[in-house]
Amino acid sequence: MKIHKEYSLHAENTFGLPCTADCCAVYGSSAQLERLSAIARKYHRVHVLGGGSNVLLPPHLTGLLIHVKSRGIRLFEETDTHWIIEAEAGESWHNFVRYTVQRGWPGLENLALIPGTVGASPVQNIGAYGVELDQRLHSVVAWHIPEARAYTFTPKDCEFAYRDSIFKRSAPGTWLITQVRFALPKQWEPVLSYPDLRQEASLQDELTPQAVFDAVVRIREAKLPDPRKMGNAGSFFKNPIVSQQHFQALRDQFPTLVGYPIGNEQYKLAAGWLIDRAGWKGKPVGAVAMHARQALVMTNLGGGSLRDVDALAEAICTDVYERFGVRLEQEPVRF
Ligand code: FAD
Ligand code: EPU
């Protein structure tokens, strides 16, 4: 296992924040797990990093960083109804989705083009275009770093919620997800509930997993900034959940407000609409700004610092609360 001292993470986080880690262990396969735990015991702080597409890093990261680079995809099991596919944590999520669709194992196509790794996908229960990971998950194999022991989690064990799981809530350095298994139904049913997909003309002519995959890629490319060209970590805030009364009161005042019912007399609001309406779209603060096509995505205009990120985030949270009485919660994980 490679161990690096003074390891630069500048190019390893999609927001492009400058960061140097004291010590970095590059994890490549399960055979290294015992040794990894032994190394981790020497450090007071341990962090796990995948593709760095949902993190905000400090300029200097103390302790041990485990950088996940393991590779491998296999058919784990075939039942009458499902293909169970297992992938190593370090696989690129988007490449994995493309591979499953091409192999004739559909079900993940709505989650195309989400940056990052397979291992991080259960951490915030990734979701997009009408599908959340928990709907396709079979199990998660995770290594308890302090105990030096592997556990298998069923979807119920993962305590999934919107952009949340037991892994996201655990103390950093507790879990290293090593493999994720997906249950992909043999009887494919397209999910076209998301408005952007319902309106997609190309799907009227041809409705296949590959066509849905292609449509999702096109929609995302038109809306979201490419992190290789403009630093960002996807949605900067979660979409807030409010009571029915609060939603109604806001709708009366702002008829174009975007939100939809999620059961239990609760509504999920489009945070992008709130931020857009409050006038923050494209307005720079230091070297960061909310994206001109998607106000929920904070972008690095070049040389942005964590201080800039915090200043803009705080200004937006305060303003949105004063205007709409809604508290925004940050989505990316802060190390
Ligand atoms: P990282 O950023 O490296 O890590 C994120 C968290 O997961 C950290 O807490 C880290 O410690 C933990 N972690 C990572 N790997 C492991 C592991 N193997 N074991 C244990 N913990 C681990 N998210 C969505 O849900 N839907 C979207 O549509 C979406 N769109 C995005 C679009 C863009 C342009 C960008 C930049 C981001 C987007 N995201 C989206 C957020 C992000 O892509 C996902 O959260 C992704 O799963 C993060 O993967 P990663 O490997 O980069 O994780
Ligand atoms: N909107 C505006 N102005 C904006 C942006 C959005 O008015 O600048 C309104 C529009 O009316 C739009 C609605 O907000 O119809 C919703 O916007 P969009 O479809 O772009 O989705 P979102 O709610 O902003 C969520 C996820 C994304 C995911 C998409 C598609 C969260 C926090 N974000 O964004 O996930 O890709 O839906 O499912 O739930 C991420 O988590 O990083 C992420 C990108």
Side-chain angles (χ1 to χ4, degrees), residues 14 47-56 68 82 84-97 100 106-144 151-172 174-185 191 193-194 197 216 220 224 232-241 260-264 266-272 296-297 328-335:
T14 60
H47 283 100
V48 177
L49 187 73
S53 64
N54 210 35
V55 287
L56 295 172
V68 180
H82 288 80
I84 314 298
I85 313 298
E86 180 184 89
E88 292 293 321
E91 284 288 340
S92 142
W93 173 261
H94 177 65
N95 290 347
F96 171 65
V97 173
T100 55
L108 297 173
E109 54 284 344
N110 294 54
L111 301 174
L113 213 62
I114 296 180
T117 56
V118 168
S121 63
V123 174
Q124 72 156 4
N125 185 24
I126 56 169
Y129 297 94
V131 173
E132 278 187 324
L133 181 94
D134 58 356
Q135 295 165 256
R136 302 284 183 268
L137 190 84
H138 175 272
S139 51
V140 174
V141 184
W143 181 254
H144 193 286
Y151 288 81
T152 301
F153 288 72
T154 64
K156 192 163 173 275
D157 297 333
C158 296
E159 297 175 12
F160 286 124
Y162 164 62
R163 297 294 188 270
D164 199 23
S165 75
I166 194 167
F167 305 109
K168 198 165 178 182
R169 288 193 300 274
S170 298
T174 306
W175 295 107
L176 169 63
I177 294 170
T178 51
Q179 287 92 14
V180 186
R181 297 177 190 140
F182 301 87
L184 304 179
V191 179
S193 51
Y194 206 82
L197 272 181
V216 169
R220 293 182 67 102
L224 292 164
N232 74 89
S235 298
F236 193 85
F237 299 103
K238 294 184 193 176
N239 283 328
I241 293 165
Y260 54 92
I262 54 164
N264 277 342
Q266 291 187 309
Y267 277 71
K268 197 186 264 183
L269 301 180
L296 191 47
V297 178
L328 293 178
E329 201 184 313
Q330 191 178 299
E331 189 198 276
V333 177
R334 185 176 278 262
F335 278 7

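For reference, positions follow the sequence shown, starting with 1.
Inter-residue side-chain proximity for Asn125 and Tyr162 is flagged as unmet; no heavy-atom pair is nearer than 4.5 Å. A 4.5 Å side-chain heavy-atom check between Tyr151 and Asp157 finds every atom pair outside the cut-off. Val118 has its side chain within reach of Phe182: a pair of non-hydrogen atoms, C-beta onward, lies under 4.5 Å apart. Within the 4.5 Å cutoff, no side-chain heavy atoms of Thr154 are placed close to those of Ser139. In this structure the side chain of Trp175 reaches within 4.5 angstrom of the side chain of His144, judged on heavy atoms. By the 4.5 Å heavy-atom criterion applied to side chains, Leu49 and Val55 are counted as neighbours. Annotation: side chain of Phe96 is in contact with side chain of Ile85 (closest heavy-atom distance under 4.5 Å). The side-chain heavy atoms of Gln124 and Val333, taken from C-beta on, include no pair separated by under 4.5 Å.
Of the inter-residue distances, the one linking Ile241 atom CD1 with Tyr267 atom OH reads 13.5 Å to the nearest 0.5 angstrom. Between the OG1 atom in Thr117 and the CG atom in Asn95 there is a gap of 12.0 Å [rounded to 0.5 Å]. In this structure, OG on Ser121 lies 7.5 Å from CG on Leu137, to the nearest 0.5 angstrom. One finds the CD atom of Gln330 at 4.0 Å from the CZ atom of Phe236 (value rounded to the nearest 0.5 Å). Between the CZ atom of Phe167 and the CD atom of Glu159 there is a distance of 9.5 Å, given to the nearest 0.5 Å.
Between Gly130 and Tyr194, the shortest heavy-atom distance links the atoms N-CD1, 3.9 Å. Here the closest heavy-atom approach between residue Pro240 and residue Leu328 is recorded as CG-CD2, 3.9 Å. Nearest heavy atoms, Ala271 versus Lys238: CB-O, 3.8 Å. Of all non-hydrogen atoms in Arg163 and Ile126, the two that sit nearest each other are NH1-C, 4.2 Å. Residues Lys168 and Val123 share a closest heavy-atom pair of CB-O, 3.3 Å. The two residues Val216 and Asn110 have their closest heavy-atom pair at CG1-O, 3.7 Å.
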**Test log, rule side chain to side chain contact (heavy atoms under 4.5 Å, CB included), inputs Leu296 and Asn239** = CA-CA 9 Å; Leu296 191 47; Asn239 283 328; 3.7 Å; yes

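Side-chain atoms of Thr178 never come within 3.5 Å of backbone atoms of Trp143 as a donor-acceptor pair (strictly under, hydrogens ignored). Judged by distance alone, the side chain of Glu109 and the main-chain N or O of Gly107 form a donor-acceptor pair under 3.5 Å. Not a single donor-acceptor pair under 3.5 Å links the side chain of Tyr129 to the backbone N or O of Ala112. At least one donor-acceptor pair under 3.5 Å links the side chain of Gln135 to the backbone N or O of Glu132.
The side-chain contact (heavy atoms from CB on, under 4.5 Å) test with Trp93 is passed by exactly one of Val180, Leu113, Leu111: Leu111.
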